[in-house]
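Model, not experiment: these values are computed from the prediction. Counting starts at 1 for both ligands and their atoms, in listed order.
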Amino acid sequence: MGCEDQQNTPKSSLRIQDIAVLMQDHCRMLDPAKVERIINEFVQGGPERMQLVSDFDYTITKQRTEDGSVVPSSFGIFNACQSLPESFKTESDKLYHKYRPIEIDPHMPIPEKVQYMVEWWTKSGALATGFPFDQSEIDQIASKYKNALRERTHEFFADLQRLAIPTLVFSAGLGNSVVSVLRQANVMHPNVKVVSNFLQFRNGLLDGFQQPMIHTFNKNETVLDGSEYYNLVHTRDHIIVMGDSLGDADMASGVPASSHIIKIGFLFDHVEANMDKYMKTFDIVLVDDQTMDVPRALLALIEKQHQLKQQSTAESSL
Ligand SMILES: C[n+]1cn([C@@H]2O[C@H](COP(=O)(O)OP(=O)(O)O)[C@@H](O)[C@H]2O)c2nc(N)[nH]c(=O)c21
Ligand SMILES: [Mg+2]
């Protein structure tokens, strides 16, 4: 950067090259100047204007564990429950093999995919109907994965709670598993809301999923319209979005266009083949980063400025 740029940058603002965590080799940005500008907006706006929206599977959970063990998805935790009828597992596998290729088909237009996804989630709910089931089964399996969360997830959620930042965990998977993992990891603080598909019971038997259905292509803030959570966050126009799938980048669509959003994408699978799309979709792409260090660093900058402001207000009122 030349001295001309330095002159154009107000003295008080942060420069991206001074934010060490963003200068790591595995942290990629297509437009660092944009990231720098938004970080400065975040820091000036303070925690009161912030909200966080995060995907769950492989965003809060790790994409790669130290011992190489596989972390199941939220549906995977449910499917591992012993009391599910054998027919549930075979039928659910059949659905997966039919619909998953459609979900990720690069050629089919989204509106066409939506019909298939509604079909998939509906059929899946119908399969999870008519037999007894106890939440404790999910809790038992989830307890094995409470340590499969990204490094420093506990600290990250503590930061969010301390700063009173509303935190939305958005999952098109199974909410019962998501909440169970988060609760057992002791991060389900009052500022955390999980929007997902939750099991429904009738007369003591499982009865599919509760409404509204959250599928891959409506997993964004438009499904929150008019809800209590929407009322809580709709004035918070500084947003951090985190996800591991390209579709996760749209989770904040539905918020006012004037909002400032930083999208963080965790990339692990087929890094070379995916890099281009991830760079175009997310503002910050983290390659095989199994930590919460980058989002934590953003919060730390916001908190530091907030504390300085509070100090100077306190001093001026003396
Ligand atoms: C209805 N249904 C959807 N899925 C998958 O669950 C995913 C949940 O979507 P997501 O919440 O975006 O989580 P992600 O982090 O795993 O991307 C979808 O992308 C589907 O591929 C499903 N997976 C399984 N195993 N069983 C199901 O019934 C089922
Ligand atoms: Mg995910």
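Taking 2.8 Å as the criterion, D57 counts as a coordinating residue of the Mg ion (ligand 2), since one of its N, O or S atoms falls below it.
Close contacts of ligand 1 with S171, meaning ligand atoms under 4.0 Å from a residue heavy atom, involve 11 (O). Atoms of ligand 1 lying under 4.0 Å from at least one heavy atom of N79, given by number and element, are 25 (N). Atoms of ligand 1 found under 4.0 Å from any heavy atom of D244, numbered from 1 in the order shown, are 15 (O). The ligand atoms of ligand 1 that sit less than 4.0 angstrom from a heavy atom of S245 are 17 (O). Close contacts between ligand 1 and K219 involve ligand atoms 10 (P), 11 (O), 12 (O) [criterion: under 4.0 Å to a heavy atom]. Under a 4.0 Å criterion applied to the non-hydrogen atoms of D55, ligand 1 contributes the atoms 11 (O), 12 (O), 13 (O), 15 (O). Within ligand 1, the atoms closer than 4.0 Å to a non-hydrogen atom of R100 are 19 (O), 21 (O), numbered from 1 in the order shown.
Ion pair R64/D288 flagged as a salt bridge, since at least one NZ, NE, NH1 or NH2 atom sits closer than 4.0 Å to an Asp/Glu carboxylate oxygen.
The closest donor-acceptor contact from the side chain of N197 to the backbone of I214 lies under 3.5 Å. In this structure, D31 contributes its side chain and K34 its backbone to a donor-acceptor pair below 3.5 Å.
Q140 and S136 are not linked by any side-chain donor-acceptor pair at a separation below 3.5 angstrom, with hydrogens and angles left out of the test. Between S253 and E221, the side chains place no donor N or O within less than 3.5 Å of an acceptor N or O (distance only, hydrogens not considered). In this model, no donor atom of one side chain and acceptor atom of the other lie less than 3.5 Å apart for E36 and N40.
Among the atoms of A172, some N or O lies under 3.5 angstrom from an N or O of ligand 1. Among the atoms of S124, some N or O lies under 3.5 angstrom from an N or O of ligand 1. At a 3.5 angstrom cut-off on N or O pairs, E103 counts as close to ligand 1. Between S73 and ligand 1, no N or O atom pair is found at a separation short of 3.5 Å.
If you look at F133 and F88, their ring centroids are not closer than 6.0 Å.
Protein heavy atom closest to atom 15 (O) of ligand 1, with residue, atom name and distance, is D57 O, 2.9 Å. When hydrogens are left out, the protein atom nearest atom 23 (N) of ligand 1 is F75 CD1, 3.5 Å; that is the closest non-hydrogen contact.
Using a 4.5 Å heavy-atom cutoff, the side chains of V241 and I262 are not in contact.
The proximity of F170 to ligand 1, defined as any non-hydrogen pair under 4.0 Å, does not occur for either the backbone or the side chain. Contacts of L95 with ligand 1, taken as heavy-atom pairs under 4.0 Å, are absent altogether.
If you check each of Y99, F88, W120 against atom 5 (C) of ligand 1, the one with the closest non-hydrogen atom is W120.
Within the structure, ligand 1 lacks G76 among the residues with a heavy atom less than 4.0 angstrom away.
There is no protein heavy atom less than 4.0 angstrom from atom 7 (C) of ligand 1.
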**OP:** Show your reasoning for whether side-chain contact (heavy atoms from CB on, under 4.5 Å) applies to K123 and K94.
**Re:** CA-CA 11 Å; K123 287 181 179 171; K94 275 193 208 159; over 6 Å; no

Original post:
Hey, mind stepping through I19 and M23 against side-chain contact (heavy atoms from CB on, under 4.5 Å) and telling me if it holds?
Top reply: CA-CA 7 Å; I19 306 173; M23 292 295 112; over 6 Å; no

**OP:** Verify side-chain contact (heavy atoms from CB on, under 4.5 Å) between L168 and V233, making sure each step is shown before the conclusion.
**Re:** CA-CA 10 Å; L168 175 62; V233 299; over 6 Å; no

